[in-house]
Structures are given as structure tokens and as C-alpha cells.
Amino acid sequence: MSERYADVILNISHESVDRPFTYMIPEDLCGKLTPGTAVQVPFGNAKEAKLGYVLALRKEAPTGFQLREILGIAEKKVGVEERLLTLAVWMHEHYGCMLNQALKTVLPVKEAVKARPRKTGATGRGEAKDALLSRELTAEQQAVLSELRRAETEKAGGSYLLFGVTGSGKTEVYMRCIEEQRRLGKQAILLLPEINLTFQTVRYLEERFGEEVAIIHSKLSKGERYRQFHRAARGEATVMVGPRSALFAPFPNLGLIIIDEEHDGAYRNDAVPRYDAREVAAKRAELAGAQLILGSATPSVESWQRATQGEYRLLRLTKRAVSGAVPAEATVVDLRDELREGNRSVFSRALSEKIMVRLSRGEQVMLFMNRRGYARFLSCRSCGEALRCPHCDVTLTLHEDGSLRCHYCGYRTVKPERCPSCGSPYLAGFGMGTQQLVEQTGRMFPAARILRLDADAVRGKDGGQSILEKFRAGKADILIGTQMIVKGHDFPNVTLVGVMAADTELYANRYTSAERCFQLLTQAAGRAGRANKRGEFVIQTYRPEHYAIQSAAAQDYERFAAAELAYRRAAGYPPVLHMLTIQLAAKDETALTRAAALFADCLKIATALAAEAPQCIGPVNAGVYRVQDYFRKMIYMKHACYDILIQIKTAAEEAFRAQIPGGISLLYEFV
DNA sequence: AGCACGCCGACT
DNA sequence: GTCGGCGTGCTC
């Protein structure tokens with residue numbers, strides 16, 4: 001071995017040392033290091049040795065440095081598999097985070113926790129058996145599987161979009177694919193949105209894969225999490241199931257990555273690095289030569305476009321594998337007509353009639369309203385001023401206990417007696433929230449037992465579990481809530497779902513608002529009617545003609561996707577063009593303005609040097625300009641080629657950092 | 001991130 | 001004269 005030197009990345013979160021350093025490899029470590037090995041190195045004048053990771057081995061040393069020696073291999077650290085390291089570098093470049101932040105993401109647990117006696121799983125064997133396998137596959141499932149198997153023998157890898165209606169048996173297809181990989185001696189990763197990682201799911205998977213499945217979820221302790229990753233690294237586990245972070249399971253011979261409910265927003269990490277698990281999964285699959293399967297009944301438009309353009313192979317499951325469940329019957333109510341006819345209540349006549357029917361039959365109702373609190377804002381009837389948060393550029397939400405709260409920063413104050421700007425005592429609440437909806441529902445249906453589930457109800461005690469259980473047990477007739485209630489939970493006795501104001505989502509100032517609206521409505525529709533009871537679904541709206549509402553009512557995904565893609569094309573939004581958003585934030589507004597202008601200049605210069613010029617918008621103030629006393633400005637860059645955006649961003653950032661001292665935070669996100 | 005180096009104010 | 005403030009700059 002003539003590789004006498006190693007490039008090491010240090011485990012220090014600071015941009016000034018966020019680059020590799022070259023060290024000599026001492027005699028006794030020769031041949032023992034591979035990319036990803038955790039090592040102890042001397043650094044600067046630091047008294048203690050620093051932890052670092054070998055990034056690459058090299059034969060020649062760079063000149064101009066007095067090289068120092070690696071002290072030794074850091075024990076009790078899981079070495080990073082080489083490809084995972086490559087993945088970290090890729091994430092560093094694509095999401096604008098520091099290398100060591102990317103590393104921390106890729107190796108979620110670095111430190112071994114003292115080995116504790118293993119908890120014997122509370123998993124009772126046998127009970128979940130009936131819920132799974134041994135069922136005959138449908139013809140469609142067979143076809144999908146043989147398609148996947150054929151591709152596997154032709155050449156490893158490939159990406160697939162499994163577009164399957166609810167109840168078409170996607171999960172069974174996943175299970176068979178995972179078993180196939182096991183037979184081939186390869187490992188598989190199954191990603192699920194956190195909300196789907198329920199006790200039942202976990203038990204089902206353990207039934208199916210026994211000791212070979214490693215499951216991670218948010219309630220796991222750090223030590224247990226570490227153990228699961230360690231089992232994957234040592235080959236004790238061959239299947240990793242979990243949320244986004246399960247993507248980084250250190251499997252040596254990964255053969256398959258499945259992302260279930262791929263449209264789910266939970267696949268975007270909201271902390272640094274702001275990665276999209278679907279993109280990272282595609283990259284990891286590419287590096288490992290593994291197959292990638294994205295599954296959904298309502299795919300994201302990005303994935304749909306890729307599938308229709310042949311980048312992903314489209315696999316369809318159009319028929320329900322389970323007989324009985326019928327899609328809910330939808331009614332769209334135009335709220336403008338209600339007002340015209342003199343109905344000033346929040347319940348349209350159609351909705352209140354349908355609620356009455358359910359109540360008389362002893363069936364349950366869910367009402368969805370995407371705004372918590374009592375009233376959206378409090379404003380003065382004399383001068384028109386609304387009460388605003390002193391730290392953010394938003395109005396304060398009125399809560400039923402008389403408090404005024406900021407939903408951005410958590411600021412709280414009591415409702416004043418008089419208007420702070422003119423002294424008038426006439427303050428009135430506008431815009432209804434869930435708390436007021438509970439009140440109004442109680443007035444409208446005095447006999448009904450009502451429960452509320454939103455972020456406020458969830459806070460504290462058991463995270464809303466008792467509310468859900470109470471409702472499931474039939475101890476209430478109507479459940480009122482925010483989007484929390486439409487995700488995941490199934491209540492067999494719910495036969496009516498009402499969306500109080502479908503438009504709130506549409507008016508959100510984002511290019512994805514129609515897609516979000518469609519997804520929420522589709523999920524809400526899915527809550528109505530199970531098995532033998534036909535469900536009904538009522539959408540109240542001021543824009544009944546909108547394609548998101550029309551296609552959600554018709555439960556026609558493809559119609560929605562076509563309309564949405566046409567809109568994205570016309571407006572030049574993703575996935576037609578890639579869009580990089582750059583957010584600059586600072587407490588000092590003047591410094592921010594200066595920094596934003598400087599960044600824009602750096603972008604201009606970087607653009608001039610690049611082969612192709614992206615479209616740049618901004619700097620403009622963020623939709624909510626100030627949050628928690630930080631001012632925020634945005635710059636948007638759009639271009640058909642992803643790499644051009646990365647290249648220009650990287651060059652601009654370098655020039656920018658050379659000129660700006662600090663106090664300005666910079667955030668990148670591909671949207 | 002750490003730690004040293006360096007160049008100006010009040011102390012035994 | 002020197003002890004110590006933290007601005008600036010470097011670490012393979």
C-alpha cells in the first residue's frame with residue numbers, strides 16, 4: 001500500500017474549517033483506514049485530539065504544509081460506509097449546508113451509548129398474522145411485481161412510481177419486493193411518514209421480517225436508535241423501516257429503497273440540511289445501484305412529471321384489492337350562494353342537513369378547518385387597526401381564554417380592553433378558528449357531543465391520543481380539527497367529512513398551494529366511509545370552479561396533475577424549472593438590505609461567468625418579512641438545469657462570504 | 001470551534 | 001513598567 005496520506009474532514013461545525021485536511025498515516029495504521037473511518041487527529045493548538053472522518057486516501061501529499069500524523073482510529077464510532085460519505089458530500093453541495101452538518105445527518109448517531117439490557121419487544125406474536133400475507137395477489141399486483149422483477153434481472157436499479165389508488169394493495173407489493181431483495185442477499189429501506197409508523201405498522205413488520213427488521217421512529221431513545229443502525233451495519237438487520245432518517249441506514253449491499261406516500265410533506269427536512277428525502281434517496285440508489293420505488297395514490301407533481309416523461313417507470317394499481325370500501329360521494333357547496341340566500345352561518349344548508357342525518361343515525365362526523373384559535377385577528381371597529389405581534393409581521397390570533405397569541409413565535413398577551421392605537425373599546429374578532437367552530441357547532445347542534453383536535457389540544461398530556469381514542473370509542477359525535485385529523489387516522493363510524501373552508505389553502509401565497517389543497521381534500525375524503533357504509537364528503541368553498549377543488553371532488557388525480565402541470569409550465573415553476581430559494585436573515589434591517597444587495601451583485605457576477613444564465617428574482621421581502629425580530633429577504637433563481645443553479649450559488653456564496661463579516665444568516669432551499 | 005498572537009488601558 | 005481586555009487569524 002502506497003497510500004500514505006489521508007484527507008480528513010473534522011467534526012467541527014464551523015465554516016472556516018469546513019474542508020478536508022491532509023494527514024500522514026502512521027506505519028501501524030497502514031491499510032487499516034478506508035473512507036469513512038473515524039479517526040483522532042491533532043489540530044491547531046487544541047489540547048485534545050479532534051474527531052474526524054477519513055474522506056479519501058491519497059498517495060501524494062500536497063506541498064506547502066507541515067503534515068501531522070493521524071493519532072489513531074476513534075473507537076466506538078460506527079465507520080461510515082464510503083458511499084454514504086459520497087452522499088454527504090453531495091448533500092453538502094446541493095443543500096448548501098456545511099460538510100460536517102451533512103455528515104451528522106448521514107451518521108445520525110456517532111456515539112455509542114452504554115450497552116443496556118435489550119428490551120424484550122412488547123410485540124405479541126400471532127395477533128397481526130391475519131392482517132397480512134397468505135392473501136392471494138390480484139392480477140394487477142402480479143403484473144407490477146413481474147415488471148419489477150424483470151427490470152431487476154435485466155439490470156440492477158431503476159426508478160419506479162407506483163401509482164396505486166387507496167386500498168389497491170401497495171403495501172403487499174412492497175413486502176414482496178423486500179423479500180425478493182433478501183433472497184438476493186441485499187438489503188432494503190422502507191420510508192414511511194412518521195404518522196404512519198404506528199404500533200400496528202411496527203408489529204406488522206416485525207411479524208413479517210422477525211429479527212431482520214430494524215425499525216426507527218421518533219419515540220426511540222438515542223441508544224436504541226444507535227443499536228438499530230449498528231444492527232444494519234453488522235448485517236444483523238436487512239430491512240430498515242422508518243422516517244426520512246432511515247434513508248441513511250449503513251447497509252453494505254443496498255438493493256432497494258421504497259418511499260411510501262411519497263407526496264407527503266414530511267419527506268422534506270425542515271432543519272439544516274434542508275434536504276428532500278426523495279432526492280437524496282434517488283442519489284443513494286444511484287450510488288448503490290439500487291432500485292427506487294415511490295408509492296402514492298396522489299403523487300407529487302414532480303414525481304408525476306418524471307413518470308410521464310419516462311424518467312421513472314410508471315406502475316399502476318387501479319383496482320381495490322379489498323372489496324367493500326367505496327369512495328365517498330362528494331358535494332361541492334358554493335358559499336356565495338349561501339350568503340345570497342341569506343344563510344350567514346358557517347354551515348351551508350347542505351352540510352347542516354347531512355350532519356343532522358348522521359346525528360339521528362348515531363354515525364360520526366369530522367369537520368376540518370385549517371386554522372386554530374378562536375379568531376384569526378382582532379381589529380378595532382373605530383380605526384380599523386388589527387393587533388399585531390411585536391416580534392413578527394403577522395396579526396395576533398385570539399384564543400377562547402382571552403389570550404392573544406402569535407402563531408409564528410409563540411408570543412402571548414392578554415386581550416386589551418381598548419384599542420392600543422385609538423382607545424376605542426370596540427374591538428372585534430374576524431376570521432374563524434377551530435375553537436370558535438366548536439362553539440358555533442354546539443349552538444347549531446345542541447345535542448351533539450363535540451371534540452376538538454389541533455396543535456393547542458395536542459400540547460401537553462398525551463399528544464391528543466386520548467381525544468382520538470374517545471372519538472374512536474364513540475364517546476363523541478363530531479370531531480373538529482386542523483389537518484391533524486385528516487392524516488392517517490381511520491374511524492369506521494365516520495360517514496361524513498366536512499371541509500369548512502377549502503379556500504384557505506388556495507390563498508396561501510405559494511406556488512404549491514393548489515397541490516396542497518388537492519392533497520388535503522383527498523386525504524379528508526379518504527376519512528369518510530369505510531367497509532359497508534358509504535361515506536359523504538362536503539367541500540364548502542368560494543371557488544367551486546377551481547381545478548383543485550373540482551378534481552378532488554371527482555377523486556381524479558390525473559385530471560388534477562394535468563391542470564397543475566400546465567399551470568407550473570405557464571408560470572415557470574418546478575418541476576418545469578428548478579427553483580432555488582435563498583433566504584437572508586438578520587436582526588439589523590439596514591445590514592440585511594445591504595447584504596441582500598451584495599448577494600444579488602455576487603449572483604450577477606457568478607451568472608456572467610457561467611455558461612447559462614438563470615432567471616433571478618429579488619431580493620424581495622419574505623412573505624412574512626419579520627419573524628422573532630429577524631428580518632428576512634428572499635432571492636429566487638430558476639433554471640431548467642439543476643447543476644447550473646448549484647454552480648452559480650456556490651460561486652456567489654464564496655464571493656459573498658469574503659465580503660460580509662457576520663450577523664447574516666444564509667439559507668438555501670430547493671423547492 | 002478553539003486557541004494564540006497582538007496591541008492599548010488601569011493596577012501591584 | 002506589566003496584567004489583561006477581546007479583535008483578528010490560522011489550523012493539514
Side-chain angles (χ1 to χ4, degrees), chain A residues 1-80 82 85-86 88-89 91-93 95-111 222 271-274 584-588 590-592 594-595 598 602 630 650 653-668:
Chain A
M1 272 293 147
S2 53
E3 278 152 346
R4 310 279 311 158
Y5 307 96
D7 286 345
V8 172
I9 174 79
L10 294 152
N11 189 28
I12 301 173
S13 279
H14 197 279
E15 62 207 47
S16 57
V17 288
D18 189 42
R19 62 197 157 87
F21 290 86
T22 308
Y23 286 84
M24 288 189 286
I25 302 172
E27 207 71 49
D28 60 315
L29 289 182
C30 248
K32 288 187 180 165
L33 303 179
T34 55
T37 310
V39 288
Q40 299 281 355
V41 289
F43 189 67
N45 297 306
K47 289 190 198 83
E48 305 219 328
K50 295 280 174 212
L51 174 64
Y53 296 95
V54 176
L55 204 58
L57 298 172
R58 45 156 84 214
K59 296 186 171 99
E60 316 228 326
T63 51
F65 296 114
Q66 184 60 51
L67 296 189
R68 298 169 82 175
E69 278 198 340
I70 289 177
L71 300 172
I73 293 174
E75 297 300 334
K76 291 188 182 165
K77 314 275 175 191
V78 179
V80 201
E82 186 177 346
L85 211 81
T86 314
V89 174
M91 287 174 75
H92 154 72
E93 285 166 358
Y95 301 110
C97 64
M98 282 182 277
L99 240 181
N100 43 54
Q101 287 175 316
L103 276 169
K104 272 186 195 132
T105 310
V106 166
L107 10 141
V109 197
K110 312 187 297 290
E111 265 148 82
K222 269 196 156 188
V272 177
R274 303 199 155 226
L584 295 107
K587 280 198 173 180
D588 181 343
T590 326
L592 177 65
R594 210 171 334 115
L598 178 67
C602 293
Y630 278 86
T650 309
E653 184 185 2
E654 202 175 306
F656 174 77
R657 290 221 191 267
Q659 292 176 63
I660 279 282
I664 306 282
S665 85
L666 206 54
L667 198 73
Y668 301 103

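All heavy atoms count here, side chains included; hydrogens, waters and symmetry mates do not. Here is the naming used below: chain letters follow the sequence lines, and residue numbers restart at 1 for every chain.
In this structure a side-chain-to-backbone donor-acceptor pair under 3.5 Å is present from A:His92 to A:Cys97. Checked by atom type and distance alone, the side chain of A:Tyr53 never pairs as donor or acceptor with a backbone atom of A:Leu85 at under 3.5 Å.
If you take OH of A:Tyr5 and P of C:dC12, they are 16 Å apart, rounded to a whole angstrom. The distance from atom CZ of A:Arg68 to atom P of C:dC10 is 17 Å, rounded to the nearest whole Å. Between A:Leu10 atom CG and B:dG2 atom C1' there is a gap of 12 Å when expressed in whole angstrom units. Look at CE on A:Met24: it is 10 Å from C1' on C:dC12, rounded to the nearest Å. Nucleotide C:dT11 holds its P atom 12 Å from the CD atom of A:Gln66, rounded to whole Å. Atom CG in A:Asn11 sits about 14 Å away from atom C1' in B:dG2, given to the nearest Å. Going from atom CZ of A:Phe21 over to atom P of C:dT11 covers 8 Å, rounded to whole Å. Put simply, CG on A:Leu55 is 13 Å from C1' on C:dC12, counting in whole angstrom units.
Using a 4.0 Å heavy-atom distance criterion, A:Phe43 is classed as a base contact. Among the atoms of the strands shown, base atoms are found under 4.0 Å from some heavy atom of A:Arg19.
A sub-4.0 Å separation between OP1 or OP2 of C:dC12 and a side-chain N or O of A:Lys50 is absent.
A distance below 6.0 Å separates the ring centres of A:Phe43 and A:Phe21.
Closest to the A:Phe65 side chain, of the nucleotides B:dC3, C:dT11, C:dC12, is C:dC12.
Results of the side chain to side chain contact (heavy atoms under 4.5 Å, CB included) test with A:Arg4 over A:Glu27, A:Met24, A:Glu60 single out A:Glu27 as the only residue that passes.
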